[in-house]
Q: 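Here it is: the structure, laid out below.
Throughout, numbering of the chain's residues begins at 1 and tracks the sequence.
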Amino acid sequence: MAGFFKRNRKTDLSASVSSDESADTDSNEKSSLLSSSSSEEKSASNDDLSFNKSMSVTETTPLKSAAGGKSDVHVHVDEFSALPVHDASILREQVQVPEFRATFWTLYRYANRTDKILLSIGFVSSVLSGVMRPLMTVVFGNVTQAFTDLGSNGYYDSAECSSNYTACNSSYTDNYSNSTSEYEAEGYMNDYDFNKRISTLALYFVYIGIADICFSYLGTFIVMDRGEVLSARVREQYLKATLRQNIGYFDKLGSGEITTRISADTILVQEGMSDKISQMVTNLTTFLAALTVAFVRSYKLTFILLSVIALIVITMTTASRYMIKYFRASLMGYSVGGTLAEEVISSVRNVQAFGVQDRLALDYDKYLAITEKWGLKAGLALGAMIGAMWFSVYCNYSLSFWQGSRFLASGELNVGNVVSVLMSMMNGAFTASHISPHLKQITNAIAAASKIFATIERQSAIDSSSPVGATLESVTGSIELKNVRFIYPSRPDVTVLRDFSLKIPAGSTVALVGASGSGKSTIVGLIERFYKPVGGNVTLDGHDINDLNVKWLRRQISLVSQEPVLFSCSIYENVAHGLIGTKYEHASEVEKRALVTEALKQANAMVFIDKLPEGLDTDVGERGFLLSGGQKQRIAIARAIVSNPKILLLDEATSALDTKSEGVVQDALDKAAKNRTTIVIAHRLSTIRDANLIVVMSKGAIVEMGTHNELLDKKGEYYALVQAQQIDKLKEEKRAALLGQTDTPEDEDEKLIELVQLPELPVEAVEDLKLVKTKTNASARSISSLVLADRPPRVEEKYSIWQLIVAIFKLSEPEHHWMAVGGISALVNGLGYPITSVFYANCIAAFQQSRTDPSSMRGTVDRFAGFFFMMAFVEGIAFVITNGSLAFVAQRLVRRIRYMSFRQMLRQDIAFFDRDENSTGALTATLSRDAQSVEGLSGATLGQILNAAVNVVAGLILALSVAPKIAIVCAACVPFLIGCGFFRFAMQARFEEQIKKSHGKSAAQACEAAAAIRTVVSLTREDDVWNAYHEALEAQVKISRPATNKSAILYGLSQGIGFFIMALSFWWGSRFLRSGEYSTTQFFITFVSMIMGAQAAGIVFSFAPDMGKAQSAAANIKRLMDSIPEIDVWSDEGEVLDDVQGDIEFRDVHFRYPTRPEVPVLKGLNITVKKGQYAALVGMSGCGKSTTIALVESFYRPLAGQVLIDGHDVSKLEINSYRSHLAMVQQEPVLYAGSVRDNVKLGSLHPEDITDEDVIAACKQANIHDFVASLPNGYDTLCGSKGILLSGGQKQRIAIARALIRKPKVLLLDEATSALDSESEKVVQAALDQAAKGRTTIAVAHRLSTIQNADVIYVFDNGVVCEMGTHQELLAKGGKYSELVQMQALEKTA
C-alpha cells in the first residue's frame, strides 16, 4: 500500500560525497603529495587506472599525522609547543582555525525579515501540503467502507450511510459507531445512492488534489528560491571572510581548498536549505497529521502500531549518526585533493614539460581513495537504514491487518476505521522513511557549513576589514624596524630575522640585497603587515604599525612583487585597481583613463599596448597568462605608481624586463621614488646603484650598509656581488667608438627614449573572444593568415541522453557484476508493490465477511498478514543488497570519473588551457561538481529509480490482466503524470547548463582572488573583489528564478494528478463493482497496482533536478573524454629517436597563438643551434623568446615552417619520447606541496631508480643543498602549496635541480636565474655551464651577464632574428645587443 502515501518528492538517496571538500587547515594534513611507487606509475594506463587493488591504496593513505602515523583521521599536533609561550601564541593566532559546530539554524543566519516572511509562507504551504495525504486516508477509508458494504450482498444501512455523509461533510473526523447493532436494519443500496456517495467522495479527492497542487507549488518555489538567495549570501560571506584573513592563514591553506569550498561545499549548503528542507517539512507534517488521524479513528490500534514507528525512528537516528561520521571523514580525506588539482592544473606547462601527468594523477587518486573508502561506508549505512525501514513498513502492514481483523471481529471497529488507521500509519511510516534521505542532505549541508562558518567566524590576526586602528593625517614615510625577530607561522622551526634593526628615512631609497632566503622579502611582508613579528616592532613616522588601521596603512603603500599577478580583466582595469582607496577611485572614466595611460607610459607599456587590437581594453587572461613576463611586470609597475603612493615597495620589480625596458622603467621608478620612501629588493644590481642606502643582508642580519660607491670601496660582500655580475667589456676605445665620442650621458638617455618610441613587437598572446577583426588586403595577407583561414571553427559536440547513459555505463564496466546484483535486488524491490496489491485486496475482500463469518475472515487475514511478515524480510534484505551494491558502484564511479577527468585534462595540449572557459578555477570546480552530479543519479538513487521502473511495468501488467477495463482508463491518466515529470527534467537540464556557466564564472573569480591573495590585500581590493562576486551571484539568482518557478509548477501538477487518478479510479471502478463485472478483490488489485505505478512514475521524475545536473555533468565528462588534442601525450604515433644529438633548427617558422589568431608572433623565424651549443635568446619583452621555447617543447604547432631536432620535424615525432630528451626551467618556478625531495625527483624519467645521493648531487649543482641541509627536516621539508614556504630564489634553485636530475640532451632555460641573488647566480650559472657541456642549451635571458659566454646569441626583433653572433662579435657590431649591454654596465657611478 506504500504507493498511496509515497509523495512524489525528490527522494535523493544518493550517497553523495563532495570529493572536493577541503579539510582542516592544520598543516599536519599537508604531507607529501608527490611520492608514488614505481609499481603505481606502471599501472597507469591511457584509459583508466586499474581499480582492482584500490582498497590497498585506501588502507595506506597519504594523510599522516606529524608523528608519522598512517592514519587518514586527523590527529592534532601542536607544532608550536617547542617555542616560548609568547612566540607560540603569536604564531598560533595567525594560523589556527577554531572548530565551529554548525546547527540547522546556522544555515539561515543571513535571512533578513523579507526572507523570514517568505520562508514562513513557504513552510506553511509545505505544512498544508503535508496535511493533504492524511485527509486522503479518511476519504479512502470511507470509500473502502462503501465498497465493503456493497460487497455484503448488495445491502447497506441507511443510518450508517447518513452517518458517513455527516462524517464526510465534517472533514471526516467523526468516528463511526463501534457497535455492530447498526447492521441490524439493512436496506438495499440503489444505483443512485451508491453513485452519489462515490461521486461525492471522488470530488473530495479532486479538492484535495487541487489544494495539494497549490500548496506544493508555493512551498517548493519559495523555499528553492530563498535557498538560492541565502546560499549566495553564504558564498559572499565566506569570500568576504576569506579575504580578511591574515596571510599566515593562506600559507597553511591552498587556494584550491578555497575554490572547492566555494564551488562544492556551498552547493551542499544550498541543497540542504532548498527543496530538500521543503520536502522534509512536508513529510514530517504528513507523519504527524497521519498519527493524528489514526488516533482519532482508533487510539488502541494506533498505539499498537506505534511500536513499528518507534523502530523506524531508532533506525533513522542510529544510521544518521554513522552517516554524518563517515561523511565528515570523507570530507577530511579529500582535504588536499582540490589543492593538488588546482596546483597541477595551474602549472600544466611544467607538468607537460616533465611528462609527470600520470605520477601526479596517481597522487591525486590517493585522496580519491580516502574519499571512496568513507563514502562507501556512508552508503552502506544508508543502505542498512533503508532496508530496516522497509522491513518496518511491511511489518506494519502485517500487524495492522492482523490486529485490525481482531477489532473487526469483536465489533470494536468497522472496515473504514481499520483502513483509515492502516493507511494513516502506513502514510506516517513511509513519510518517516522518506525523511531520512532529505535528512542526509541536510546533515551534509550542516557538515559543509561547519567548515565554511569556521572561516566566517575566525577572527583574523590581522583583519584588513576592521575599522579599528589609527589613521594619520599626513604621512612622511619614515620607517623603522626595531629589534625585530620573526618566524613564519608555517615554518615555526626556522627563525628568519634575529634582532633586526633598520631605519629608513622619509623620502629615501633603500635597497636590500643579499642571498636568497636572507630575509629581504620578509621585511616587505612585515611593512605591509602580512605577518606579525614575534619580537620587536615596525614603525611608520614613529607610530607602531600594529596600532594603525590595516587597510589605511596598505593604501599608503604600493607593492610590486617578484612574480607579478594580474587579474582576469582588461589592462585598463588592472592598472585602475591601483587607484582603489585614493581620491581618484570614484573619478570619472575620462580622468581615470588619463591617469592609467600616463602610468603605463612611465612603465614603458604603452608601446606594446598600442599595437593590440583593443588597446587598453584588451583582456589579459587568467593570471595575465596571455602576456609575456616582462609585459605583466610593466603593467604591475604601472598599477603601483598610478596612485602616487607615499611608500613604494619593489620586490624584484624589474627582474622580468629586458634591458631596454628596464632602463626606461627604472628611470620612471627613480623619478617616482623622489619625495617618497622606496624600498627596493634587487638581485640585478644595476637597478639599485643610485639608491641612497644599500643594505647587504645574510641569514636575517645586516652585513654592511652604504651607498653603491662606498660599498665598492669597502670591497666587501657587495663588491663581490657586483663582480659576479660584471660583464666583460671591450676596450674603452672600442666602446667609445661604438657609442660616439661626442655623446654625453644625457645623449645616451635621449637615444634610449627614442629607441623605445619605435614600434614594439606584438604581444605573445591575448584572449581571442573579445578582439575586433581588422580588415587586411587579401594580396598582403601573411602565411599565418592563409593557414588560419583554412581551419574549420571549433564546434561544441552535443550528445543525446542515450549516448550519455551508454558512456556512463561503460565507465562503470569493472563494476557491472555489482550493478547486476543491485539491479536484480531492485527488481525484487519493485515487485513488492504489485504483490502488496494482491495481499491488500484479499485482506479487504476478507473484511467483507466480518459480519457474516468473522472466524473465516480472521483466518484469511492472518494468512496474508503472515505473507506480509515474510515480505518484510525479503524486501528488507533486498533493499540492503540494492543500496549496498549500488553505493559501491557509485563510489567507484565517482572516483573513476574524477581520476579519468583529471588525467584527461592533463592530456590536453596547452591551447586547451589558454581558452577562457578552461581557467584553473573552472576546471577545478568541474572536477568537483560533475562527478558529484553523476553520483546524484547512482547508488541508492539509481536503486530507487530502478525500483520505480519495475513497479510501473509490473503494476500495469498485473492491472491489465486482472481488470483491463478499469486499468485502461487509469493507465490513460499516467502519461499526464509522467509528462509533468519529463518536462520538468528537460527544463532542469537546460537550466543546469546555463547555471553551470554562471557558477563557473563566479567560482573562477573566487579562485583567482584566493590564489593572488597577497596582491589583493596589498591593493586593498577586498571590497572590489567582493562586489564583483556579489554581482555575479545576483545574476545567477535572476537566471535561476524563472526556471525554479516552472519546475515548481510542474512539480505541483505531478503532486495533484495522483489524487485526480484516485478520484477517476474510484468513480469509474464503482460502476463495474455495482454491475458485478468485477469483484472487490479485482478492483483493489487493479487500483492499488495502478496507483502505486503512477506514484512510482512520479517518483522517477521527482529526481528531475538531479537528472538535469547529471545530464549536464555527463555531457561535460563525455565531451572531455572524447576530446583528442592536436598534440596528444597519450598517442604513441610518431617516430622515436633512439639517439638524440641535440641539433635544433627553426625553418621559416610562422606562429600565432590559438587564442589570438589576429596577432602574429613569429614571422618566419630562422635559427640553428648545433649539438652541444649554448644558444641565448635576447630581445624586448613580447618579441617571441618564450614562444620559441614553447615551440621547442612542442606545446604548440607552428602555423607554417618547421621546428627540427637532428633534422627530424618535431611534429612527426612521438611526443613523450621527444620530451624525455628535454628539460625546462621556467621564468616563474613551479613547485608542489610536497617535500623538497619529491619536487626534485619529479624531474626524473625513472623516479624509482633515483637515490638520495642523486637528489643531493642535483641540489649541489643547483647550489641549494646547503640551504636544504640546514633545515630541521632536510630534504623532507615541505615546500607548501605552490612552494609558498620558500623564497623565490630557493624555489628557482630547486626547479633547476629538478631539471638537472633529468640529464637532458636539450636544456631550455626561460629566465632560469632571474630570481637568484648574484652569489647564487654565479654558482648556479657555473653549474648550468657545466651541465650544458655535451648537451644543447637554449636560454632566454634579460640579465646579459648570464649569457655572455654563450656560443651564439640571437637578438629577436619583430618576430624574427635581427642579429646573431657571440657576445664579443655582437658588441663589435654596435647594434641592438651592444645597446642592451651598455645599459647593464655596473661600473662605479660618478
Q: Show, in sequence, the C-alpha distance, side-chain angles and deciding distance for Thr106 and Thr103, and conclude whether the side chain to side chain donor-acceptor pair (under 3.5 Å) test is met.
A: CA-CA 5 Å; Thr106 307; Thr103 65; 3.1 Å; yes

Q: Just by modelled atom types, is the Glu236 backbone N or O under 3.5 Å from a matching donor or acceptor in the Trp1026 side chain?
A: yes

Q: Just so I know, are the side chains of Phe567 and Arg1021 near enough to count as touching, which here means a heavy-atom distance under 4.5 Å?
A: yes

Q: Quick one: CG on Leu1286 to CD on Gln1292, what's the gap to the nearest 0.5 Å?
A: 12.0 Å

Q: Using side-chain heavy atoms (C-beta onward) and a distance below 4.5 Å, is Thr1015 in contact with Arg639?
A: yes

Q: Could you tell me if the side chain of Tyr1029 sits less than 4.5 Å from the side chain of Arg235, heavy atoms only?
A: yes

Q: Within the distance-only criterion (no hydrogens, no angle test), does the side chain of Ser466 pair as donor or acceptor with the backbone N or O of Asp463 below 3.5 angstrom?
A: no

Q: Pick one: which of Ile247, Leu91, Asn246, Val496 meets side chain to side chain contact (heavy atoms under 4.5 Å, CB included) with Tyr531?
A: Ile247

Q: Quick one, Ile545 with His543, criterion side chain to side chain contact (heavy atoms under 4.5 Å, CB included). Give me CA distance, side-chain angles, the key distance, then yes/no.
A: CA-CA 6 Å; Ile545 62 172; His543 300 269; over 6 Å; no

Q: Quick one: do Phe530 and Val524 satisfy side chain to side chain contact (heavy atoms under 4.5 Å, CB included)? Show the steps, please.
A: CA-CA 9 Å; Phe530 287 163; Val524 169; 5.6 Å; no

Q: Any donor and acceptor pair, going by atom type alone, linking the side chain of Ser347 with main-chain N or O of Glu343 inside 3.5 Å?
A: yes

Q: Between Asp541 and Gly477, is there a donor-acceptor pair closer than 3.5 Å when you use the side chain of the first and the backbone of the second?
A: yes

Q: Say whether, by atom type as modelled, one donor and one acceptor occur between the side chain of Asn1239 and the main chain of Tyr1232 under 3.5 angstrom.
A: yes

Q: Taking all atoms of both residues into account, what is the closest heavy-atom pair of Asp363 and Tyr367, and its distance?
A: O-CD1, 3.2 Å

Q: As a test of understanding, state which of Asn483, Thr522, Leu481 forms a side chain to side chain contact (heavy atoms under 4.5 Å, CB included) with Phe500.
A: Leu481

Q: What's the separation between atom NZ in Lys503 and atom CE in Met705, rounded to the nearest 0.5 Å?
A: 12.0 Å

Q: Do you know which two heavy atoms are closest between Leu553 and Ile527, and how far apart they sit?
A: CD2-O, 3.8 Å

Q: Would a 4.5 Å heavy-atom cut-off, applied to side chains only, mark Val1017 and Leu243 as touching?
A: no

Q: Do Asp651 and Ser521 have side-chain N/O donor and acceptor atoms under 3.5 Å apart?
A: yes

Q: Below 4.5 Å, heavy atoms only, C-beta onward: do Leu472 and Leu548 meet side chain to side chain?
A: yes

Q: In the structure I gave you, are the side-chain heavy atoms of Arg554 and Val550 within less than 4.5 Å of one another anywhere?
A: yes

Q: Which atoms form the tightest heavy-atom contact between Gly514 and Ser518, and what is the distance?
A: C-OG, 4.0 Å

Q: Once you round to the nearest 0.5 Å, how far does CG of Asp1276 lie from CZ of Arg1237?
A: 4.5 Å

Q: Any chance you could lay out the side chain to side chain contact (heavy atoms under 4.5 Å, CB included) test for Phe104 and Ile446, step after step, and finish with the verdict?
A: CA-CA 6 Å; Phe104 172 73; Ile446 293 170; 4.2 Å; yes

Q: Answer with yes or no whether the side chains of Ser460 and Arg244 bring together a donor and an acceptor at under 3.5 Å.
A: no

Q: What distance separates Ile702 CD1 from Leu512 CG, expressed to the nearest 0.5 Å?
A: 8.5 Å

Q: Does the Arg233 side chain pair with the main chain of Tyr110, one donor and one acceptor, at a distance under 3.5 Å?
A: yes

Q: Just how far is it from atom CD of Glu457 to atom CD of Gln237, taken to the nearest 0.5 Å?
A: 10.5 Å

Q: So, taking the atom named CG in Leu107 and the one named CG in Leu230, what distance separates them when rounded to the nearest 0.5 Å?
A: 9.5 Å

Q: Is the count of non-hydrogen atoms from other residues, nucleotides or ligands lying under 6.0 Å from Arg109 atom CZ greater than 12?
A: yes

Q: Give the intermediate values and the outcome of side chain to side chain contact (heavy atoms under 4.5 Å, CB included) for residues Leu497 and Met697.
A: CA-CA 10 Å; Leu497 297 179; Met697 296 178 61; 4.2 Å; yes

Q: Ser643 and Ser558: which non-hydrogen atoms are nearest, and at how many Å?
A: OG-OG, 3.5 Å

Q: Tell me which one of Ile557, Ile479, Val475, Thr476 satisfies side chain to side chain contact (heavy atoms under 4.5 Å, CB included) with Thr677.
A: Ile479

Q: Please report the closest heavy-atom contact between Phe100 and Ala454, naming both atoms and the distance.
A: CB-CA, 3.7 Å

Q: Is there a side-chain contact between Val534 and Leu83 (heavy atoms, below 4.5 Å)?
A: no

Q: Would you say the side chain of Leu540 lies within less than 4.5 Å of the side chain of Ile647, judging by non-hydrogen atoms?
A: yes

Q: Angle between ring planes, Trp105 versus Tyr108, binned at 30° and 60°: parallel, tilted or perpendicular?
A: tilted

Q: What heavy-atom pair brings Ser346 and Thr920 nearest, and what distance separates the two atoms?
A: CA-OG1, 3.6 Å

Q: Any salt bridge linking Lys551 with Asp1023? Criterion: basic side-chain nitrogen under 4.0 Å from a carboxylate oxygen.
A: yes

